[in-house]
Amino acid sequence: QVQLVESGGGSVQAGDSLRLSCVDSGDQFSRYIIGWFRQEPAKEREYVAAIGWGGSSQYLADSVKGRFTVSRDNAKNTAYLEMNNLKPDDTATYYCAADMHLPRARLGADYGMKYWGKGILVTVSS
């Protein structure tokens, strides 16, 4: 069973950095692709990043490319989203999700991802 918990969010100023963590309490973490998403109130969920099983395969949305990096440590059952040069537009609740495949927008609002964390709020003020 996969149980994901995000941490590392908070309130920061524009230009600051945060590192989000996504920890899985199960024992199959290395088998799953991890996706990162964010959502503002009353807006659609945005697919931000993803990382493959071994960590070498990665995706970053154009909106965060050059500022965010994604990584994972399978020995710690943890994935990370390093966010640098944060902007007010980055303000959202951030979620990690896991499944055996990459997130797929055509599969609906959940991108076809089976397991989700509860999310963590990131607030960036100008």
If you measure from [atom1] on [X] to [atom2] on [Y], what distance do you get to the nearest 0.5 Å?
{"X": "Asp99", "Y": "Tyr32", "atom1": "CG", "atom2": "OH", "result": "7.5 Å"}
{"X": "Ile51", "Y": "Thr69", "atom1": "CD1", "atom2": "OG1", "result": "9.0 Å"}
{"X": "Thr78", "Y": "Asp24", "atom1": "OG1", "atom2": "CG", "result": "8.5 Å"}
{"X": "Leu4", "Y": "Ser25", "atom1": "CG", "atom2": "OG", "result": "8.0 Å"}
{"X": "Leu121", "Y": "Glu6", "atom1": "CG", "atom2": "CD", "result": "11.5 Å"}
{"X": "Asn77", "Y": "Asp27", "atom1": "CG", "atom2": "CG", "result": "8.0 Å"}

Do the non-hydrogen side-chain atoms of [X] and [Y] ever get within less than 4.5 Å of each other?
{"X": "Met113", "Y": "Phe37", "value": "yes"}
{"X": "Leu20", "Y": "Met83", "value": "yes"}
{"X": "Val23", "Y": "Gln3", "value": "no"}
{"X": "Leu86", "Y": "Phe68", "value": "yes"}
{"X": "Trp53", "Y": "Asn74", "value": "no"}
{"X": "Val70", "Y": "Tyr80", "value": "no"}

Sequence neighbours left out, what pairs pass side chain to side chain donor-acceptor pair (under 3.5 Å) with at least one residue falling in residues 86-97?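 Residue pairs with at least one partner in residues 86-97: Arg38-Asp90, Arg38-Tyr94, Arg67-Asp90.
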Closest non-hydrogen atom pair, [X] against [Y]:
{"X": "Glu46", "Y": "Ser63", "value": "OE2-OG, 2.8 Å"}
{"X": "Gly9", "Y": "Val122", "value": "CA-CG2, 4.1 Å"}
{"X": "Asn84", "Y": "Ser17", "value": "OD1-OG, 2.9 Å"}
{"X": "Ala14", "Y": "Pro88", "value": "CB-CD, 4.1 Å"}
{"X": "Ala79", "Y": "Phe29", "value": "N-CZ, 3.7 Å"}
{"X": "Ile120", "Y": "Ser7", "value": "CD1-CA, 3.4 Å"}

Ser71 and Glu82: CA distance, side-chain angles, deciding distance, side-chain hydrogen bond (donor to acceptor under 3.5 Å, both in side chains) verdict: CA-CA 8 Å; Ser71 61; Glu82 183 79 35; over 6 Å; no
Within the side chain of [X], is there an N or O that forms a donor-acceptor pair under 3.5 Å with the backbone of [Y]?
{"X": "His101", "Y": "Gly112", "value": "yes"}
{"X": "Arg45", "Y": "Glu40", "value": "no"}
{"X": "Tyr47", "Y": "Tyr111", "value": "no"}

What about Tyr115 and Val5, same hydrophobic cluster or not, with Ile/Leu/Val/Met/Phe/Trp/Tyr joined at side-chain heavy-atom distances under 4.5 Å?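 Per the 4.5 Å side-chain linkage, Tyr115 and Val5 are not co-clustered.
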Give a yes or no on whether Leu81 and Leu102 share a hydrophobic cluster (residues Ile, Leu, Val, Met, Phe, Trp, Tyr; joining criterion: side-chain heavy atoms under 4.5 Å apart).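 Different clusters.
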Has Lys65 got more than 12 heavy atoms of other residues, nucleotides or ligands less than 6.0 Å from its NZ?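 Atom NZ in Lys65 is crowded, with more than 12 foreign heavy atoms closer than 6.0 Å.
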Determine whether Leu18 and Val12 satisfy the following criterion, side-chain contact (heavy atoms from CB on, under 4.5 Å), listing intermediate values before the conclusion. CA-CA 8 Å; Leu18 282 174; Val12 297; 3.8 Å; yes
